[in-house]
Amino acid sequence: QVQLVESGGGLVQAGGSLRLSCAASGSIYAINRMAWYRQALGKQRELTAIIKTTGDGETTYADFVKGRFTISTDTAKNNLYLEMNNLKPEDTAVYYCYAVLGVRRGGAEYEYWGQGTQVTVSD
């Protein structure tokens, strides 16, 4: 039983900033990597940013957010964050937290999704 819960979305004007949070809870042994996806209304879900929660914490960003968004984690709390700056109307979407994790030592990896948090950017 693992749950990912996003928060921090809302309405912001273009050029503004928001910080999204994702709290992972439940029977988690270790989280291997986490990511943010987003999906605009009627559009496909797309990868926004990904971070390794092991090793050096390497991050990767989609071209459309690179230089504006920053992904980070608080591993001790199993939290994921997305700092969004210089927001644009085209950033309007539901943002989803994603995690690849194990529930016990030596076990298989599993994928989990949050329910999403709405971000709306107005002109």
Original post:
Side chain of Thr120, backbone of Leu11: donor and acceptor closer than 3.5 Å?
Top reply: no
**OP:** Look at the side chain of Arg68 and the backbone N and O of Asn86, then say whether any donor-acceptor pair between them is shorter than 3.5 Å.
**Re:** yes
[X] vs [Y] side-chain heavy atoms within contact, under 4.5 Å:
{"X": "Phe69", "Y": "Leu18", "value": "no"}
{"X": "Ile50", "Y": "Arg33", "value": "yes"}
{"X": "Val100", "Y": "Tyr110", "value": "no"}
{"X": "Met34", "Y": "Tyr98", "value": "no"}
{"X": "Val65", "Y": "Met84", "value": "no"}
{"X": "Thr73", "Y": "Asn79", "value": "no"}
{"X": "Trp36", "Y": "Glu6", "value": "yes"}
{"X": "Tyr61", "Y": "Ile71", "value": "yes"}

Say whether [X] and [Y], considering side chains only, have a donor N or O and an acceptor N or O under 3.5 Å apart.
{"X": "Arg105", "Y": "Tyr29", "result": "yes"}
{"X": "Tyr37", "Y": "Glu46", "result": "no"}
{"X": "Glu109", "Y": "Asn32", "result": "yes"}

**OP:** Name all pairs fulfilling the disulfide (SG to SG under 2.5 Å) condition that reach into residues 61-95, sequence neighbours left out, sorted by first residue then second.
**Re:** none
Indicate the atoms forming the closest heavy-atom contact of [X] with [Y], along with that distance.
{"X": "Asn85", "Y": "Ser17", "value": "OD1-OG, 2.9 Å"}
{"X": "Leu4", "Y": "Cys22", "value": "CB-SG, 4.0 Å"}
{"X": "Ile31", "Y": "Thr54", "value": "O-CG2, 4.3 Å"}
{"X": "Ser72", "Y": "Leu80", "value": "O-CD1, 3.4 Å"}
{"X": "Ala93", "Y": "Ala40", "value": "CB-N, 3.7 Å"}
{"X": "Leu82", "Y": "Ala49", "value": "CD1-CB, 4.5 Å"}

Original post:
Mind checking whether Tyr81 and Val12 sit in one hydrophobic cluster, side chains of I, L, V, M, F, W, Y counted as touching below 4.5 Å?
Top reply: no
Original post:
side-chain contact (heavy atoms from CB on, under 4.5 Å) between Ile28 and Val103: does it pass, once the steps are laid out?
Top reply: CA-CA 5 Å; Ile28 301 171; Val103 298; over 6 Å; no
Out of curiosity, [X] [atom1] to [Y] [atom2], how far, rounded to the nearest 0.5 Å?
{"X": "Lys77", "Y": "Ser21", "atom1": "NZ", "atom2": "OG", "value": "10.5 Å"}
{"X": "Arg38", "Y": "Glu90", "atom1": "CZ", "atom2": "CD", "value": "8.0 Å"}
{"X": "Ser27", "Y": "Arg104", "atom1": "OG", "atom2": "CZ", "value": "8.5 Å"}

Subject >> Heavy-atom neighbours of Gln1 CD exceed 12 at 6.0 Å >> reply: no
**OP:** Using side chain to side chain contact (heavy atoms under 4.5 Å, CB included) as the criterion, list what pairs up with Val94, not counting sequence neighbours.
**Re:** Tyr96, Gln118
Subject >> Asn78 and Thr53: CA distance, side-chain angles, deciding distance, side-chain contact (heavy atoms from CB on, under 4.5 Å) verdict >> reply: CA-CA 9 Å; Asn78 289 333; Thr53 52; over 6 Å; no
